[in-house]
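Scope of the values below: all heavy atoms of this structure, side chains included, with no hydrogens, waters or symmetry mates. Below, read A as the first sequence line, B as the second, and so on, with proteins coming before strands; counting in each chain starts at 1.
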There are 2 protein chains.
Amino acid sequence: MSIKGVETRTRILREALGQVSKIGFEGLTLGPLADQLGLSKSGLFAHFGSREELQLAVLQLAAEDFRREVLEPAVHQSPRGLRRLLAILKRWFNRYPEGGCVFLAGSAEYDDRPGAMRDALADFHLQWRSALATALRQCQQLGELEPEVDVDQVAFELFAIAAGGHHDYRLYGKQAGGRVKAAVERLLRSCGAAPEKLIWK
Amino acid sequence: MSIKGVETRTRILREALGQVSKIGFEGLTLGPLADQLGLSKSGLFAHFGSREELQLAVLQLAAEDFRREVLEPAVHQSPRGLRRLLAILKRWFNRYPEGGCVFLAGSAEYDDRPGAMRDALADFHLQWRSALATALRQCQQLGELEPEVDVDQVAFELFAIAAGGHHDYRLYGKQAGGRVKAAVERLLRSCGAAPEKLIWK
DNA sequence: ACAAAAAACGACCGGTCGTGCTAAAACTGG
DNA sequence: CCAGTTTTAGCACGACCGGTCGTTTTTTGT
């Protein structure tokens with residue numbers, strides 16, 4: 001693969017990711033994508049052996065973006081414990097007003113269609129859930145959350161709040177933000193978090 | 001419209017609803033639907049002026065089913081308060097192992113596509129949320145939940161649990177049921193519900 | 001039983017989709 | 001600068017889609 005090869009490939013993937021976050025993976029079609037990039041349909045197609053390969057590459061790019069923009073800055077900038085957990089959640093939920101979440105939309109599109117896309121999506125969610133559980137476990141070790149709570153259960157409930165908030169964001173607009181915040185606070189409070197430590201700085 | 005007219009129309013809608021719950025509203029296509037029913041595509045098409053009319057009719061049928069199978073039996077069989085609320089939730093969540101929820105799938109499909117389908121879906125979710133809030137308010141009036149809790153907020157959180165549970169059901173299978181139950185119990189507990197009253201009979 | 005009305009059919013249209021194939025164009029290393 | 005490789009374009013295909021239209025069959029009211 002030449003220099004120009006990887007350049008156009010990433011150009012394609014960036015544009016494709018933008019389109020997917022608006023119209024979903026199934027809405028992504030080669031013709032309009034090629035037009036938007038000033039390429040021919042077959043020229044674009046040659047970079048990936050099939051449409052599914054393109055979709056998988058887009059999903060992988062989205063996953064890399066997500067880790068880089070949500071998890072990594074929170075880990076680097078905030079100390080272990082509630083501070084870091086809240087930093088993660090803030091960066092996570094702040095993505096929703098910006099546009100549709102490709103992981104939630106993707107799950108809805110492929111949950112009844114076995115194949116590589118479904119597998120990759122299931123894997124992403126599993127990894128993310130485990131990252132949340134790790135952050136929660138560190139809170140426990142610091143005594144900021146009660147030791148008897150099931151961190152996997154709490155990770156599920158955080159994800160559920162995200163899913164519900166995303167739904168309301170997409171359907172009813174920005175008013176959903178307050179609901180998400182209040183839900184997280186109630187959840188963490190019920191796990192023994194001190195109210196004065198729940199600051200969304 | 002003749003007798004036979006409404007008969008086949010409802011036959012079409014029943015079959016269409018079954019297909020939609022498997023492959024979504026956008027996956028519903030006239031040809032295969034007609035084949036499955038032993039009708040010609042154009043014969044089926046004549047019952048609805050357009051595909052969107054068919055989709056809207058399917059959504060309306062699904063909404064009637066939902067009210068009839070979830071809300072109404074709980075209202076008729078359980079007294080106001082936590083008993084009724086839990087009866088509603090049980091019937092609601094029991095639908096998820098059976099097949100995909102057309103309302104959640106529909107929201108994901110149309111949240112970025114203005115039109116009659118999006119409007120109808122937004123309306124359904126609004127109505128359902130309000131029915132949940134009513135049941136919660138009755139709990140408050142009976143002293144089974146603290147009076148200062150925001151019932152609309154709790155209704156959102158119940159919906160979020162449903163959305164998260166549905167996601168996990170579709171992607172990871174039946175193990176999600178326990179997570180949903182535990183999440184509801186934590187939520188209602190944090191609203192002042194007595195633990196011994198949280199029985200999923 | 002019969003005429004009007006409704007329902008169902010079958011062929012077809014224009015359009016879009018993913019995908020192969022071949023040739024031209026552009027880039028790359030020596 | 002040139003040979004060899006890679007990237008891109010052009011074109012066509014087969015499949016599938018929603019929708020139209022004129023005709024035929026079935027149902028309905030009397």
Within the structure, does a side-chain N or O atom of B:Thr8 lie under 4.0 Å from either OP1 or OP2 of C:dA8?
-> yes
What's the spacing between B:Leu37 CG and B:Arg14 CZ if we round to 0.5 Å?
-> 13.0 Å
Under the 3.5 angstrom rule, does the side chain of B:Ser78 hit a backbone N or O of B:Val75 as a donor-acceptor pair?
-> no
Is the B:Trp128 to B:Phe103 ring centre distance short of 6.0 Å?
-> no
Please give, in whole Å, the distance from C:dC21 P to A:Phe45 CZ?
-> 11 Å
Looking at the rings of A:Tyr172 and B:His125, which for Trp means the six-membered one, are their centres under 6.0 Å apart?
-> no
Is B:Arg129 salt-bridged to A:Asp168, going by a charged N under 4.0 Å from an acidic O?
-> yes
Backbone N or O of A:Glu26 within a donor-acceptor pair of the A:Glu109 side chain at under 3.5 Å?
-> yes
Of D:dG18, D:dT8, C:dC9, the nucleotide closest to the side chain of B:Leu30 is D:dG18
Look at the side-chain N and O atoms of A:His47 and state whether any lies under 4.0 Å from the OP1 or OP2 oxygen of D:dT6.
-> no
Between C1' of C:dC17 and CG of A:Asp35, the distance in whole Å | 13 Å
Winner on side-chain proximity to B:Ser40, out of D:dT20, C:dA8, C:dT19, is C:dA8
Determine, for nucleotides 11-16 of chain D in 5'-to-3' order, which nucleotides have protein heavy atoms under 4.0 Å from the base (write B), from only the sugar-phosphate (write S), or from neither (write -).
-> ------
To the nearest Å, give me how far apart CZ (A:Phe25) and P (C:dG18) are.
-> 15 Å
Report the nucleotide, chosen from C:dA8, C:dG18, D:dG19, that has the shortest atom-to-atom distance to any side-chain atom of B:Leu39.
-> C:dA8
